Amino acid sequence: MPPELRIAESAAHAGAEVALRHFQDFANVASQVKPGERSFNRVSEADVESEHAIVEIIRREFPDHSILAEEAHFADANAEHLWVIDPIDGTNNFLHGIPQFGISVAYYRSGQPICGVILNPARGDSFVASRGDGSFHNGQPVSVAEHRRLDEVLIGLGFYYDRGALMEATLSAMRELFGHDIHCIRRLGAATLDLCMVACGQLGAYFEYELSPWDFAAGRLFVEEAGGQVTTCDGQPLPLAKTHILATNGHLHETMLGIVQRHLP
Ligand code: IPD
Ligand code: CA
Ligand code: CA
(Lines give C-alpha, C1' and ligand atoms only; values in the text may rest on other atoms or scores of the structure.)
(Ligands and ions follow the chains in the order given, each with its own letter.)
Protein backbone atom coordinates (compact mmCIF):
# COMPACT_ATOMS: atom_id res chain seq x y z
CA MET A 1 0.00 0.00 0.00
CA PRO A 2 1.58 3.37 -0.98
CA PRO A 3 2.01 5.63 2.10
CA GLU A 4 -0.07 8.31 0.37
CA LEU A 5 -3.14 6.04 0.35
CA ARG A 6 -3.62 6.26 4.12
CA ILE A 7 -3.60 10.07 3.86
CA ALA A 8 -5.89 10.04 0.81
CA GLU A 9 -8.36 7.99 2.84
CA SER A 10 -8.32 10.20 5.92
CA ALA A 11 -8.50 13.36 3.80
CA ALA A 12 -11.47 12.02 1.82
CA HIS A 13 -13.22 11.04 5.05
CA ALA A 14 -12.69 14.56 6.45
CA GLY A 15 -14.32 16.01 3.32
CA ALA A 16 -17.12 13.46 3.47
CA GLU A 17 -17.89 14.35 7.06
CA VAL A 18 -18.28 18.03 6.13
CA ALA A 19 -20.42 17.18 3.09
CA LEU A 20 -22.70 14.85 5.02
CA ARG A 21 -23.25 17.37 7.81
CA HIS A 22 -24.42 19.98 5.26
CA PHE A 23 -26.42 17.40 3.28
CA GLN A 24 -28.60 16.72 6.31
CA ASP A 25 -29.93 20.27 5.86
CA PHE A 26 -29.41 20.54 2.08
CA ALA A 27 -32.24 22.98 1.48
CA ASN A 28 -30.47 25.58 3.61
CA VAL A 29 -26.96 25.19 2.19
CA ALA A 30 -25.76 28.55 0.84
CA SER A 31 -24.63 28.45 -2.79
CA GLN A 32 -23.81 30.86 -5.56
CA VAL A 33 -23.34 30.74 -9.30
CA LYS A 34 -19.67 30.30 -10.24
CA PRO A 35 -18.11 33.45 -11.74
CA GLY A 36 -18.95 33.80 -15.43
CA GLU A 37 -21.24 30.72 -15.38
CA ARG A 38 -25.00 30.21 -15.65
CA SER A 39 -27.50 29.38 -12.90
CA PHE A 40 -26.90 25.62 -13.07
CA ASN A 41 -23.15 25.77 -12.33
CA ARG A 42 -22.94 26.55 -8.62
CA VAL A 43 -20.51 26.33 -5.76
CA SER A 44 -21.81 25.87 -2.22
CA GLU A 45 -20.39 26.49 1.22
CA ALA A 46 -20.16 22.70 1.55
CA ASP A 47 -17.85 22.43 -1.52
CA VAL A 48 -15.53 25.09 -0.11
CA GLU A 49 -15.48 23.66 3.44
CA SER A 50 -14.96 20.10 2.23
CA GLU A 51 -12.00 21.21 0.10
CA HIS A 52 -10.54 23.05 3.07
CA ALA A 53 -10.79 19.96 5.31
CA ILE A 54 -9.20 17.70 2.67
CA VAL A 55 -6.35 20.09 1.87
CA GLU A 56 -5.54 20.66 5.54
CA ILE A 57 -4.85 16.96 6.09
CA ILE A 58 -2.72 16.58 2.96
CA ARG A 59 -0.72 19.73 3.69
CA ARG A 60 -0.01 18.64 7.26
CA GLU A 61 1.50 15.34 6.03
CA PHE A 62 3.05 16.44 2.73
CA PRO A 63 3.78 20.18 2.89
CA ASP A 64 5.91 20.05 -0.27
CA HIS A 65 3.32 18.38 -2.48
CA SER A 66 1.23 20.32 -5.01
CA ILE A 67 -2.55 20.46 -4.84
CA LEU A 68 -5.00 20.82 -7.71
CA ALA A 69 -8.52 21.14 -6.34
CA GLU A 70 -11.69 22.38 -8.00
CA GLU A 71 -12.61 25.34 -5.87
CA ALA A 72 -9.43 27.14 -4.79
CA HIS A 73 -6.16 25.28 -5.48
CA PHE A 74 -4.66 25.55 -8.92
CA ALA A 75 -1.34 23.67 -9.06
CA ASP A 76 0.47 22.77 -12.27
CA ALA A 77 -0.79 19.35 -13.36
CA ASN A 78 2.82 18.41 -14.23
CA ALA A 79 4.06 18.72 -10.64
CA GLU A 80 6.08 15.69 -9.48
CA HIS A 81 3.90 15.07 -6.41
CA LEU A 82 0.34 16.12 -7.17
CA TRP A 83 -2.95 15.70 -5.32
CA VAL A 84 -6.10 16.13 -7.40
CA ILE A 85 -9.30 16.78 -5.47
CA ASP A 86 -13.00 17.16 -6.14
CA PRO A 87 -14.42 18.20 -2.75
CA ILE A 88 -17.99 17.42 -3.82
CA ASP A 89 -18.62 15.86 -7.19
CA GLY A 90 -22.29 16.14 -8.06
CA THR A 91 -23.01 19.50 -6.45
CA ASN A 92 -26.32 19.76 -8.29
CA ASN A 93 -27.48 16.44 -6.82
CA PHE A 94 -26.22 17.55 -3.41
CA LEU A 95 -28.11 20.85 -3.50
CA HIS A 96 -31.32 19.08 -4.55
CA GLY A 97 -31.10 16.44 -1.82
CA ILE A 98 -30.17 13.52 -4.08
CA PRO A 99 -27.74 11.11 -2.34
CA GLN A 100 -25.52 10.63 -5.39
CA PHE A 101 -22.41 12.74 -4.86
CA GLY A 102 -18.76 11.87 -4.31
CA ILE A 103 -15.67 13.14 -2.55
CA SER A 104 -12.65 12.35 -4.70
CA VAL A 105 -8.96 12.45 -3.71
CA ALA A 106 -6.18 11.19 -5.99
CA TYR A 107 -2.42 11.20 -5.72
CA TYR A 108 -0.28 11.38 -8.89
CA ARG A 109 3.50 11.00 -9.10
CA SER A 110 5.24 12.34 -12.22
CA GLY A 111 1.96 12.35 -14.10
CA GLN A 112 0.97 8.77 -13.15
CA PRO A 113 -1.99 7.93 -10.91
CA ILE A 114 -0.68 6.15 -7.80
CA CYS A 115 -3.77 5.90 -5.62
CA GLY A 116 -7.28 7.29 -5.34
CA VAL A 117 -10.23 7.32 -2.97
CA ILE A 118 -13.84 8.17 -3.79
CA LEU A 119 -16.52 8.24 -1.10
CA ASN A 120 -20.27 8.49 -1.43
CA PRO A 121 -21.02 9.49 2.16
CA ALA A 122 -24.80 9.58 1.73
CA ARG A 123 -24.75 5.86 0.96
CA GLY A 124 -21.72 4.90 3.06
CA ASP A 125 -19.81 3.71 -0.01
CA SER A 126 -16.05 3.79 -0.39
CA PHE A 127 -14.07 3.12 -3.56
CA VAL A 128 -10.30 2.74 -3.19
CA ALA A 129 -7.67 1.96 -5.81
CA SER A 130 -3.91 1.88 -5.89
CA ARG A 131 -1.74 1.22 -8.86
CA GLY A 132 -1.02 -2.48 -9.32
CA ASP A 133 -3.07 -3.46 -6.25
CA GLY A 134 -6.60 -3.44 -7.67
CA SER A 135 -9.85 -1.64 -6.87
CA PHE A 136 -11.95 -2.17 -3.75
CA HIS A 137 -15.56 -1.24 -3.04
CA ASN A 138 -16.24 -1.21 0.72
CA GLY A 139 -13.14 -3.36 1.15
CA GLN A 140 -14.11 -5.99 -1.45
CA PRO A 141 -12.20 -6.37 -4.75
CA VAL A 142 -14.19 -5.33 -7.81
CA SER A 143 -13.87 -5.95 -11.51
CA VAL A 144 -15.63 -4.75 -14.62
CA ALA A 145 -18.41 -6.78 -16.25
CA GLU A 146 -17.73 -9.21 -19.10
CA HIS A 147 -20.39 -7.83 -21.47
CA ARG A 148 -19.24 -7.64 -25.07
CA ARG A 149 -22.35 -6.27 -26.77
CA LEU A 150 -24.21 -3.00 -26.44
CA ASP A 151 -27.55 -4.78 -26.19
CA GLU A 152 -26.38 -6.23 -22.85
CA VAL A 153 -25.52 -3.02 -20.97
CA LEU A 154 -26.56 0.29 -19.43
CA ILE A 155 -24.52 3.30 -20.59
CA GLY A 156 -23.77 6.31 -18.39
CA LEU A 157 -23.10 9.82 -19.64
CA GLY A 158 -22.84 13.43 -18.54
CA PHE A 159 -23.46 16.85 -20.08
CA TYR A 160 -20.76 18.89 -18.35
CA TYR A 161 -22.22 22.42 -17.97
CA ASP A 162 -22.71 23.00 -21.68
CA ARG A 163 -26.09 23.72 -23.29
CA GLY A 164 -24.68 24.22 -26.78
CA ALA A 165 -22.56 22.08 -29.12
CA LEU A 166 -21.43 19.59 -26.44
CA MET A 167 -24.97 19.00 -25.30
CA GLU A 168 -26.20 18.49 -28.89
CA ALA A 169 -23.32 16.08 -29.58
CA THR A 170 -24.13 14.11 -26.43
CA LEU A 171 -27.78 13.88 -27.44
CA SER A 172 -26.93 12.63 -30.92
CA ALA A 173 -24.48 10.02 -29.56
CA MET A 174 -27.23 8.95 -27.15
CA ARG A 175 -29.70 8.59 -30.01
CA GLU A 176 -27.27 6.38 -31.92
CA LEU A 177 -26.69 4.25 -28.82
CA PHE A 178 -30.43 3.65 -28.44
CA GLY A 179 -30.37 2.31 -32.00
CA HIS A 180 -28.04 -0.45 -30.74
CA ASP A 181 -30.65 -1.64 -28.22
CA ILE A 182 -28.67 -0.65 -25.14
CA HIS A 183 -30.65 -1.46 -21.99
CA CYS A 184 -30.88 2.28 -21.32
CA ILE A 185 -29.01 5.52 -20.66
CA ARG A 186 -28.17 6.66 -17.14
CA ARG A 187 -27.37 10.33 -16.36
CA LEU A 188 -26.72 10.09 -12.64
CA GLY A 189 -24.98 13.44 -12.07
CA ALA A 190 -21.61 12.61 -10.49
CA ALA A 191 -18.81 11.68 -12.88
CA THR A 192 -16.62 10.19 -10.13
CA LEU A 193 -19.39 7.74 -9.22
CA ASP A 194 -20.23 7.02 -12.88
CA LEU A 195 -16.63 5.82 -13.26
CA CYS A 196 -16.96 3.68 -10.12
CA MET A 197 -20.08 2.13 -11.63
CA VAL A 198 -18.19 1.09 -14.76
CA ALA A 199 -15.52 -0.46 -12.53
CA CYS A 200 -18.12 -2.33 -10.45
CA GLY A 201 -19.81 -3.75 -13.56
CA GLN A 202 -23.06 -1.76 -13.25
CA LEU A 203 -22.46 0.36 -16.37
CA GLY A 204 -20.89 -1.10 -19.51
CA ALA A 205 -19.48 2.31 -20.41
CA TYR A 206 -19.58 5.98 -19.50
CA PHE A 207 -18.62 8.97 -21.61
CA GLU A 208 -18.66 12.73 -21.38
CA TYR A 209 -17.52 15.28 -23.99
CA GLU A 210 -15.86 17.56 -21.44
CA LEU A 211 -14.60 16.86 -17.96
CA SER A 212 -12.07 18.46 -15.61
CA PRO A 213 -9.10 16.58 -14.12
CA TRP A 214 -10.61 16.47 -10.61
CA ASP A 215 -13.72 14.76 -12.03
CA PHE A 216 -11.75 11.73 -13.22
CA ALA A 217 -8.34 11.72 -11.48
CA ALA A 218 -9.27 9.00 -8.96
CA GLY A 219 -12.07 7.34 -10.94
CA ARG A 220 -9.94 6.54 -13.97
CA LEU A 221 -7.49 4.59 -11.78
CA PHE A 222 -10.43 2.82 -10.14
CA VAL A 223 -11.68 1.70 -13.59
CA GLU A 224 -8.24 0.67 -14.83
CA GLU A 225 -7.41 -1.30 -11.68
CA ALA A 226 -10.76 -3.08 -12.03
CA GLY A 227 -9.73 -4.24 -15.51
CA GLY A 228 -11.48 -1.56 -17.57
CA GLN A 229 -10.17 0.93 -20.10
CA VAL A 230 -10.20 4.75 -20.07
CA THR A 231 -9.18 7.01 -22.96
CA THR A 232 -10.29 10.22 -24.56
CA CYS A 233 -13.27 9.96 -26.92
CA ASP A 234 -10.87 9.67 -29.85
CA GLY A 235 -8.91 6.85 -28.29
CA GLN A 236 -5.91 8.82 -27.02
CA PRO A 237 -4.31 8.37 -23.59
CA LEU A 238 -6.15 10.51 -21.06
CA PRO A 239 -4.30 13.77 -20.24
CA LEU A 240 -4.55 15.25 -16.73
CA ALA A 241 -6.36 18.28 -18.18
CA LYS A 242 -9.82 19.30 -19.29
CA THR A 243 -10.75 16.64 -21.86
CA HIS A 244 -13.42 14.31 -23.24
CA ILE A 245 -13.47 10.84 -21.72
CA LEU A 246 -14.62 7.30 -22.48
CA ALA A 247 -14.47 4.59 -19.81
CA THR A 248 -15.58 1.04 -20.58
CA ASN A 249 -15.25 -2.52 -19.36
CA GLY A 250 -12.55 -2.91 -22.06
CA HIS A 251 -14.51 -5.38 -24.20
CA LEU A 252 -16.80 -2.56 -25.40
CA HIS A 253 -14.09 0.03 -25.90
CA GLU A 254 -13.65 -0.22 -29.68
CA THR A 255 -17.40 -0.35 -30.27
CA MET A 256 -18.03 2.64 -28.02
CA LEU A 257 -15.15 4.61 -29.55
CA GLY A 258 -16.69 4.13 -32.99
CA ILE A 259 -19.84 5.87 -31.73
CA VAL A 260 -18.59 8.58 -29.36
CA GLN A 261 -15.84 9.66 -31.73
CA ARG A 262 -18.29 10.10 -34.60
CA HIS A 263 -20.29 12.69 -32.61
CA LEU A 264 -17.31 14.41 -30.98
CA PRO A 265 -17.68 18.18 -31.65
C1 IPD B 1 -19.95 17.56 -12.40
C2 IPD B 1 -20.57 16.21 -12.25
C3 IPD B 1 -21.48 15.91 -13.42
C4 IPD B 1 -20.74 16.00 -14.72
C5 IPD B 1 -20.07 17.36 -14.83
C6 IPD B 1 -19.16 17.61 -13.64
P7 IPD B 1 -19.40 18.95 -10.14
O8 IPD B 1 -19.08 17.84 -11.31
O9 IPD B 1 -19.58 15.20 -12.18
O10 IPD B 1 -22.01 14.61 -13.36
O11 IPD B 1 -21.64 15.85 -15.76
O12 IPD B 1 -19.33 17.34 -16.00
O13 IPD B 1 -18.55 18.86 -13.78
O14 IPD B 1 -19.43 20.28 -10.81
O15 IPD B 1 -20.69 18.56 -9.53
O16 IPD B 1 -18.22 18.74 -9.26
CA1 CA C 1 -16.91 17.23 -10.39
CA1 CA D 1 -17.12 19.55 -7.52
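We count ligands from 1, going down the list as the structure has it; atoms in each ligand are counted the same way. These numbers come from a predicted model, not from an experiment.
Environment of CD in Glu17: sparse, with no more than 12 heavy atoms of neighbouring residues, nucleotides or ligands closer than 6.0 Å.
Protein heavy atom at the shortest distance from atom 1 (C) of ligand 1 is Asp89 OD1, 3.7 Å. The protein heavy atom nearest to atom 5 (C) of ligand 1 is Glu208 OE2, 3.4 Å.
Between His180 atom NE2 and Phe178 atom CZ the span is 12.5 Å, to the nearest 0.5 Å.
Residue contacts with ligand 1: Thr192 is excluded, as none of its non-hydrogen atoms falls under 4.0 Å. Assignment of Tyr161 to the shell around ligand 1 is supported, since a heavy atom sits closer than 4.0 Å.
Between Tyr160 and the choices His244, Glu208, Glu210, Lys242, the side-chain hydrogen bond (donor to acceptor under 3.5 Å, both in side chains) rule is met once, by Lys242.
Distances between N or O atoms of Arg187 and those of ligand 1 include at least one value under 3.5 Å.
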Salt bridge (Lys or Arg N to Asp or Glu O under 4.0 Å) between Arg21 and Glu49, intermediate numbers included: CA-CA 11 Å; Arg21 176 165 41 79; Glu49 263 184 57; 3.4 Å; yes
Walk me through whether Arg6 and Glu4 qualify under salt bridge (Lys or Arg N to Asp or Glu O under 4.0 Å). CA-CA 6 Å; Arg6 188 175 55 81; Glu4 293 82 5; over 6 Å; no
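Protein N/O/S atoms found under 3.0 Å from the Ca ion (ligand 3), listed by chain and residue number: Glu70 OE1, Asp86 OD1, Ile88 O.
Across the listed options Ser212, Ser104, Gly219, Gly189, Gly189 owns the non-hydrogen atom lying nearest to atom 3 (C) of ligand 1.
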